[in-house]
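Below is one structure, written out as structure tokens; the observations come after it.
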Amino acid sequence: MLCDVRLFNSLTREIEEVVPVDGKTVKIYSCGPTVYRYIHIGNMRSFMLGDLIRRALRFEGHDVRWIMNITDVGHMTDELTDTGRDKMELAESDEGLSAAEIADKYTKAFLEDSDLVGIERADLYPLATEHIPEMIAIIDTLIEKGHAYEVEGTVYYDVTTFPGYGKLSGNTLDRLRAGHRQELAVDPSKRHPEDFALWKVAGPHRALKWPSPWGDGYPGWHIECSAMSMKHLGERFDVHTGGNDNKFPHHEDEIAQSEGAVGHRVTSIWVHGGFLQMGGQKMAKSAQNIKRVTDLAEQGVDPLAYRLLCFGTRYRSEMDFSWEALEAADSRVKQLRKRMADWAPAAGSIGAGAKGFDRRFRSAVAGDLDMPTAVKVANELVSAPDVPDGEKYALLATWDQVLGLDLERDARERWEPTDEITALVAERDTARAARDFAKGDEIRDRLQAMGLEVMDTPEGTRVRPR
RNA sequence: GGCGGGGUGGCCGAGUGGUUAGGCAAGGGUCUGCAAAACCCUGUACACCGGUUCAAUUCCGGUCCCCGCCUCCA
């Protein structure tokens, strides 16, 4: 039973069905991290979006190839010291590590954090620094086709040669001109203020640089994604994801580059995720309100609870982070796992009631990733009186392919009491049978102090980890 | 200045022209020796001002406030 998976396309502003252009494999490109610092849970929300799209597509039977770039070139010069150093280089001197070591360190941390929040590894994580020749080739083509021009070692894209400029963000050239912020100085080398750099000449202090037909330099801000997406997914692929801030200028410029170079549409559906806010502000290093995934774990919260928390909000909406809400999600995910541990999975087929829930869940997920509804359906299933426990288990275990909350954890990791606990439990049951409640309560306190949940059942005392 | 997104009950947040979102927290109840777990019940929310309508949180107009992009940025 396949649902058509539909996604909101930022380009057309409509919800569209995902249909692989090659008829076989859905190809997804996600804008990944810049690896000169740790990524935070706001970044992570966007990366989870790519993972969720892949999970949703697979869930409905699609073959999927998902790649996420790693930006290991810092593109921006350091405007404070004007030394021409980029962020990779600044991190390098701050930490006493080489650029490659910095990139390695933060790439590794990024992948570990991804694992913690249930992101399944992408099929490929291409590195920007390993695609310089591909970038140069595209820039060459753009110059040949009249879309780009060189000025003293720097190559600019001439936006007036690309009629579709602005179609993604709404920032068309006339509007950009109307709204030009006065305080920004215009680079005198550009033919038009809206032109952007494809390749930049290396300054005297620049260490991260590569030879090119225009002299030593480094790639512009957006060309890496054009190069890596088309190299690994082809000149026509299906889905491109990123955070809302990538829309302009990054993706607008990427469209101009890629389409300008190959002469046709490259990406079918553009998907952009809303920001995570913290204290009414975008979570960002500059706002000093960042939290890492590891910070959540340090607070005793399962990082997967953050995943459930994110599912409470539609991916396109901004989301407010609060510890209170995170703890609510943490309680819930732990509760769900405990419930499942009490249910034996049903063998064989499921009944009509369960099928109805499954239909609702699938249609929510397939309908532009409506996870709030999907989670609601899961909640309703858990307390549905007319669905046998075994079927609930079977369904939740299946849905977890999309949810990725490790709902079977408690059921899988059968918890065994130690001899000490078993002895205490027996002692308590004996005391209670003799109506020695003072002693029974005392033992209960001890068990609770050991981090256990103590429940009385018709069969006597039952304990499990809290 | 240009482009775009918001203001929903204690918290996070769906959604809709008239009928319960959901979760967590809180209060009450069933059960229990007391608890816990489980189950049941409860809160009468939609920034403000007009307008349209039999009926608006949901549509229209205006006001206030918040946030994002326009510069590396998920």
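What you are looking at is a predicted structure, and each value in this text was computed from that prediction instead of being measured. In what follows, chains are A, B, ... by sequence order, proteins preceding strands, each numbered from 1.
In this model, no donor atom of one side chain and acceptor atom of the other lie less than 3.5 Å apart for A/Ser322 and A/Asp320.
In this structure, A/Arg37 reaches the B/A74 phosphate: one of its side-chain N or O atoms is under 4.0 Å from OP1 or OP2. Contact annotation: A/Arg332 does not reach the phosphate of B/A25 (side-chain N/O to OP1 or OP2, under 4.0 Å). Taking only side-chain nitrogens and oxygens, A/Gln448 never comes nearer than 4.0 Å to OP1 or OP2 of B/A35. Contact annotation: A/Arg339 reaches the phosphate of B/C39 (side-chain N/O to OP1 or OP2, under 4.0 Å). Within the structure, every side-chain polar atom (N or O) of A/Arg45 is placed at least 4.0 Å from both OP1 and OP2 of B/A74. Distances shown here put a side-chain N or O of A/Gln281 below 4.0 Å from the OP1 or OP2 atom of B/C67. Remark: A/Ser383 is not in phosphate contact with B/C40, judged by side-chain N or O atoms under 4.0 Å from OP1 or OP2. For B/A14, one of the phosphate oxygens OP1 or OP2 lies less than 4.0 angstrom from a side-chain nitrogen or oxygen of A/Ser317.
Below the 3.5 angstrom threshold, one finds no donor paired with an acceptor across the side chain of A/Arg177 and the base of B/G2. Counting atom types as modelled, A/Lys282 pairs a side-chain N or O with a base atom of B/C73 as donor and acceptor under 3.5 Å. You'll find a donor-acceptor pair under 3.5 Å spanning the side chain of A/Asp441 and the base of B/G33, going by distance alone. For A/Arg444 and B/A35, a side-chain-to-base donor-acceptor distance below 3.5 Å is present, hydrogens and geometry of angles not being considered. Contact of A/Asp456 with B/A37 (side chain to base): no donor-acceptor pair of N or O atoms is detected under 3.5 Å.
Nearest to the side-chain atoms of A/Ser322 among the listed nucleotides B/C11, B/C3, B/G33 stands B/C11. You'll find that the side chain of A/Gln335 is closest to B/A38, out of B/C67, B/A38, B/A74. Nearest to the side chain of A/Thr313, among B/A14, B/G33, B/A37, sits B/A14.
Although no hydrogens or angles enter the test, the distance criterion places no donor-acceptor pair under 3.5 Å between the side chain of A/Arg412 and the main chain of A/Leu407.
The pair A/Lys167-A/Glu252 does not meet the salt-bridge criterion, since no charged nitrogen lies less than 4.0 angstrom from a carboxylate oxygen.
In this pair, A/His222 and A/His250 present their aromatic rings tilted. The plane angle is within the 30 to 60° band.
When heavy atoms are screened at a 4.0 angstrom cut-off, A/Leu49 is found touching no nucleic acid atom at all.
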Give the intermediate values and the outcome of side-chain contact (heavy atoms from CB on, under 4.5 Å) for residues A/Thr373 and A/Phe311. CA-CA 9 Å; A/Thr373 296; A/Phe311 290 160; over 6 Å; no
